[in-house]
Protein chains: 4
Amino acid sequence: MTPPNAARRSERAHRAILEAAYALAVDRGAAKVTIEAIAARAGVGKQTIYRWWPSKGALLLDVLIDAVGAVSEMPDTGDVTADLKAQMTAVTRLFQSDFARFYTGLIAEAQGDEAVARGLAEQLLDRADGPRRARLAKAQRDGELRADVDVAAAAEALYAPIYYRLLLRTAPLGVDQVHALLDVVLDGLRPRE
Amino acid sequence: MTPPNAARRSERAHRAILEAAYALAVDRGAAKVTIEAIAARAGVGKQTIYRWWPSKGALLLDVLIDAVGAVSEMPDTGDVTADLKAQMTAVTRLFQSDFARFYTGLIAEAQGDEAVARGLAEQLLDRADGPRRARLAKAQRDGELRADVDVAAAAEALYAPIYYRLLLRTAPLGVDQVHALLDVVLDGLRPRE
Amino acid sequence: MTPPNAARRSERAHRAILEAAYALAVDRGAAKVTIEAIAARAGVGKQTIYRWWPSKGALLLDVLIDAVGAVSEMPDTGDVTADLKAQMTAVTRLFQSDFARFYTGLIAEAQGDEAVARGLAEQLLDRADGPRRARLAKAQRDGELRADVDVAAAAEALYAPIYYRLLLRTAPLGVDQVHALLDVVLDGLRPRE
Amino acid sequence: MTPPNAARRSERAHRAILEAAYALAVDRGAAKVTIEAIAARAGVGKQTIYRWWPSKGALLLDVLIDAVGAVSEMPDTGDVTADLKAQMTAVTRLFQSDFARFYTGLIAEAQGDEAVARGLAEQLLDRADGPRRARLAKAQRDGELRADVDVAAAAEALYAPIYYRLLLRTAPLGVDQVHALLDVVLDGLRPRE
DNA sequence: CGGTAAGCGAGACGGTACGTCCCGTCTTCCT
DNA sequence: AGGAAGACGGGACGTACCGTCTCGCTTACCG
């Protein structure tokens, strides 16, 4: 009925839940995590979880955002290709770690839970996409890219294939993919003399 | 223990299962389909499903493959851009239909079931990818694209963004995305004079 | 893993289960009662049954004990023959009622479930046997029976034939059997002058 | 629809079924025997069992009758007490063997299957009871027992307690029980001088 | 500053679905 | 036609979790 009073929330329980959820999601995949297991591992009543999160997906989303954060940073050395290579490689590395099954599991969860889908798009993906587009726009101003290029589309063409392999597993992730993408996409966007 | 004898399989039951699974997956999403519901709707014992498929995902994969099939066709009018535009638009249309929740649900399933992931990659995605690469390679021979272009990477750069939006929902699917991708990716791959 | 906390047991559910089990066992026989049917009739989750009873037999045993109870009472008018006749007749009447199929069904259950067998013997049969032996012993002290008579064996010789007919159905149960037993067994145990 | 033609029955299959059923019933108890297990062990199709027996109980009853047979024999040395002691001891021994769980299991089966109950009573128990009553009647004619004794009731008082312990397990079976019964029942039936 | 209402741990509850075991029937192919 | 084999529709099993609920217990705020 009435929403819980956030001021009286137990910080101890909150942290224990996030940590338990993280640990379980990383080592058995998000799909196989259960609220009961999280509660048990955190030493917490189930109700305490249901009080603060509407669903398993929402909780895991919080945990993920908490855990990723910094990957959206975008270097700026004046050389777009180098900067993108660095950032795309960092993303690839993350997706090669144990962490990947957590991420993919949460994306799976999002397919059946609109709230998670929205949270994921807005709080994680859009947030990471901003700096990428900004970097490409700056490259445009610097004359590294043609002025008529649609930077949003370019960012998608560069990053989507990494997610594609992460989720669809048609080929392994790796730096070679990053190189190939830069060659195929970014090269074609340079000014023609 | 012993594998079932495929020769004695009931064609009636087989078809009823595939149809029931299809109907349920389309209208409530793959994640919310249960084996019990499929069995009930098909008028079949649960064991008959378990006898022939190892998991819900494996069954849904069969259904999906059965249902998609033709989308991998690739036109060839001599104009790559037009051909890709047509095919990418067809894919986009499919992903805009009710059918999408089935597809995304199955991809979700694949995140926690290696066998489904493999089946999906090999029997659906790779199969669709072949003709795309072939069409790009022909364009290369025809001089429509530069000779040094990595066609596999190009195909990924064109199609992955469609899947990206399908699964991550950062932006709606649509023909405008197709146009933007062709501009950003394919245009850059033309021979430079 | 951990045993349930009996203090928090729902009295409502407990009673509903016992009543449902009783009703089902009486009207379709213990063998044809299923845990699912009990749960459904009681408006209870199956787990609630499994939480408190290890098996169908254990539950039915509780129900039976609950339902019988008073049959172990033994009158004492000073005339052993009359007292035994009264009590044996009461047992016979019980075994002629609808209740019989419940009892026989549970004894059947006991043949394949050691725990039920033990419970039945200790909580029902031994409990009923005590007063019978005590009454016979008193008759001995009163000089109604010879001093060297083995009262336990006598009690068995009197009551076992009733169970024999109940379970093996070689002949119908009835008061005439009671009379015959008293004539054949008890008469022979009187002091010889 | 039409009953099977007994003349064309396969003797090999028939015997294999009886043997398999026997072996399984002895070593896991009649309740845990399944038609599928019998068929598998006998190397026989399930239908072959269903063709010739209406139920598991009916099959097991056939097996049991086949296996017991001789226990109904009653010696006659001229001394009833000695003869009964010998025969009751033989029955007790049988009930102490591995064979007991088969027997008790079948009696359990009979509680829910009228046909089995009838078969058991008529083909096994009554058949065994006849000679016992006959022996007691002869003892009466010989002056070993009083003339007014109801021999049927006496036979029941002597044998029922053995079944009682077999089925209800209030006390272990043993020769001491036999002695006690003879003392308590038979002794009282002798002529009084 | 003592009472009381909130959050908390624990876990029982009514349910749904799981994947398995057998039932008794049926179909096919073989002898 | 009987038999070996085993797929079929079905019912129940015992288990895992779901999300809700009810218990004390502890803790912080408020009259």
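Per chain, numbering begins at 1; letters A, B, ... match sequence-line order.
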Student: What are the two closest non-hydrogen atoms of D:V44 and D:I49, and how far apart are they?
Tutor: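 Where D:V44 meets D:I49 most closely, the heavy atoms are CG1-CG1, 4.1 Å.
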
Student: Report the residues that fulfil side-chain contact (heavy atoms from CB on, under 4.5 Å) with B:A31, sequence neighbours left out, ordered by chain and then residue number.
Tutor: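 In terms of side-chain contact (heavy atoms from CB on, under 4.5 Å), with neighbours along the sequence ignored, B:A31 is linked to no residue.
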
Student: Take atom OH of A:Y50 and atom C1' of F:dT22, then tell me their distance rounded to the nearest Å.
Tutor: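 Computing the A:Y50:OH to F:dT22:C1' distance gives 17 Å.
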
Student: Considering heavy-atom distances to DNA chain E, does C:N5 or C:E36 have its closest nucleotide positioned more toward the 5' end?
Tutor: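 Final value for this comparison: C:N5.
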
Student: Pick out which of A:D66, A:L64, A:I65 makes a side chain to side chain contact (heavy atoms under 4.5 Å, CB included) with A:V68.
Tutor: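 Output: one option passes, namely A:L64.
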
Student: For D:I38 and E:dG24, what is the distance between atoms CD1 and C1' respectively, to the nearest whole Å?
Tutor: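 That distance rounds to 14 Å.
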
Student: Under the rule for ring pair (Phe, Tyr, Trp, His ring centres under 6.0 Å), what residues qualify as partners of B:W52, not counting sequence neighbours?
Tutor: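 For B:W52, no residue satisfies ring pair (Phe, Tyr, Trp, His ring centres under 6.0 Å) once neighbours in sequence are set aside.
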
Student: Enumerate the residues from residues 23-35 of chain D whose closest heavy atom to DNA chain E is under 4.0 Å, giving them by residue number; use none for an empty result.
Tutor: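 Only D:T34, D:I35 qualify.
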
Student: Could you state the CZ-P distance from C:R15 to E:dG14, rounded to the nearest angstrom?
Tutor: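 One finds 13 Å between P of E:dG14 and CZ of C:R15, rounded.
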
Student: Considering residues at least two apart in sequence or located in another chain, which fulfil the salt bridge (charged side-chain N to carboxylate O under 4.0 Å, His left out) criterion with B:R15?
Tutor: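 Salt bridge (charged side-chain N to carboxylate O under 4.0 Å, His left out) check on B:R15 returns B:E11.
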
Student: Is there a residue in residues 53-64 of chain A whose heavy atoms reach under 4.0 Å of DNA chain E, and which residues are they?
Tutor: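 Contacting residues: none.
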
Student: List in chain and number order the residues that pass side-chain contact (heavy atoms from CB on, under 4.5 Å) with A:A30, two or more places apart in sequence or in another chain; answer none if no residue qualifies.
Tutor: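 Only A:L60 meet the side-chain contact (heavy atoms from CB on, under 4.5 Å) criterion with A:A30.
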
Student: Mind listing the residues from residues 103-115 of chain A sitting with a heavy atom below 4.0 Å of DNA chain F? Number order is fine.
Tutor: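 None, since no heavy atom is under 4.0 Å.
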
Student: With sequence neighbours left out, what residues match A:A100 under side-chain contact (heavy atoms from CB on, under 4.5 Å)?
Tutor: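 Once residues adjacent in sequence are excluded, the partners of A:A100 under the side-chain contact (heavy atoms from CB on, under 4.5 Å) criterion are A:L166.
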
Student: If the condition is side-chain contact (heavy atoms from CB on, under 4.5 Å), which residues does C:D98 pass it with, not counting sequence neighbours?
Tutor: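 Partners of C:D98 by the side-chain contact (heavy atoms from CB on, under 4.5 Å) criterion, ordered by chain and then number, come out as C:V26.
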
Student: Rounded to the nearest 0.5 Å, how far apart are CD1 of B:I38 and OH of B:Y22?
Tutor: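 These two atoms lie 14.0 Å from each other.
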
Student: What's the shortest heavy-atom distance between D:T48 and D:A13, and which atoms?
Tutor: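 Of all heavy-atom pairs spanning D:T48 and D:A13, the closest is CG2-CB, 4.4 Å.
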
Student: Classify the angle between the aromatic ring planes of C:F102 and C:F99 as parallel (below 30°), tilted (30 to 60°) or perpendicular (above 60°).
Tutor: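 The rings of C:F102 and C:F99 sit tilted, inter-plane angle from 30° to 60°.
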
Student: Only pairs under 3.5 Å count here: list side-chain donor-acceptor contacts from residues 106-121 of chain A, not counting sequence neighbours, and write none if there are none.
Tutor:
{"from": "A:Q111", "atom 1": "NE2", "to": "A:I107", "atom 2": "O", "distance (Å)": "3.1"}
{"from": "A:Q111", "atom 1": "NE2", "to": "B:L167", "atom 2": "O", "distance (Å)": "3.0"}
{"from": "A:D113", "atom 1": "OD1", "to": "A:A115", "atom 2": "N", "distance (Å)": "3.1"}
{"from": "A:D113", "atom 1": "OD1", "to": "A:V116", "atom 2": "N", "distance (Å)": "3.4"}
{"from": "A:D113", "atom 1": "OD2", "to": "A:S55", "atom 2": "OG", "distance (Å)": "3.3"}
{"from": "A:E114", "atom 1": "OE1", "to": "B:R169", "atom 2": "NH2", "distance (Å)": "3.3"}

Student: Can you pull out every salt bridge (Lys or Arg N to Asp or Glu O under 4.0 Å) where at least one residue sits in residues 18-42 of chain C? Sequence neighbours excluded, please.
Tutor: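 Of all non-adjacent pairs touching residues 18-42 of chain C, those that pass salt bridge (Lys or Arg N to Asp or Glu O under 4.0 Å) are C:E36-C:K46.
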
Student: Just the table, please: protein N/O against nucleotides 8-10 of chain E N/O, every pair under 3.5 Å.
Tutor:
{"from": "E:dC8", "atom 1": "OP1", "to": "A:S10", "atom 2": "N", "distance (Å)": "2.7"}
{"from": "E:dC8", "atom 1": "OP2", "to": "A:R51", "atom 2": "NE", "distance (Å)": "3.2"}
{"from": "E:dC8", "atom 1": "OP2", "to": "A:W52", "atom 2": "NE1", "distance (Å)": "2.8"}
{"from": "E:dG9", "atom 1": "OP1", "to": "A:R12", "atom 2": "NH1", "distance (Å)": "3.3"}
{"from": "E:dG9", "atom 1": "OP2", "to": "A:G45", "atom 2": "N", "distance (Å)": "3.3"}
{"from": "E:dG9", "atom 1": "OP2", "to": "A:T48", "atom 2": "OG1", "distance (Å)": "3.0"}
{"from": "E:dG9", "atom 1": "O3'", "to": "A:G43", "atom 2": "O", "distance (Å)": "3.3"}
{"from": "E:dA10", "atom 1": "N3", "to": "C:R8", "atom 2": "NH1", "distance (Å)": "3.0"}

